[in-house]
Amino acid sequence: MAESAEKKTVAEQATDLSEQVLDTVEDRQKSVMEAVRKFANTLDETLPNVVDPERRKKILDAVLDLADQITTTTNEFLRSTVHSVHETLNKQGDKKD
């Protein structure tokens with residue numbers, strides 16, 4: 001039988017929330033990569049022979065770098081947030097002892 005929300009400890013609730021946040025971040029990362037793929041396809045369809053292949057590569061590399069930076073920043077933010085929550089819960093647990 002599943003525990004009700006009232007019976008879960010703060011740590012269990014924080015774990016559940018962390019898992020939800022991780023799932024959301026993963027979904028957003030997939031969305032970013034899908035947007036990059038669509039951009040590349042649009043570039044190919046719109047300017048197949050107009051843009052010099054070397055310039056096209058530079059454009060796509062810049063978009064991929066941007067997507068990578070967004071993903072990295074999001075992951076660092078999440079890691080920092082989870083660490084802060086963990087530290088706060090540990091301090092609260094120490095006070096109860």
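Excluded from the calculations below are hydrogen atoms, water molecules and symmetry mates; all remaining heavy atoms, backbone and side chain alike, are included.
Listed by first and then second residue, the side-chain hydrogen bond (donor to acceptor under 3.5 Å, both in side chains) pairs involving residues 22-39 are E26-K30, Q29-N75, E34-R37 (not counting sequence neighbours).
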Taking distance alone, no hydrogens or angles, what donor-acceptor pairs closer than 3.5 Å link side-chain atoms of residues 58-67 to residues at least two apart or in another chain?
| residue | atom | partner | partner atom | Å |
| --- | --- | --- | --- | --- |
| D61 | OD2 | K57 | NZ | 2.8 |

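Between atom CZ of residue R79 and atom OG1 of residue T72 there is a gap of 9.0 Å, rounded to the nearest 0.5 Å.
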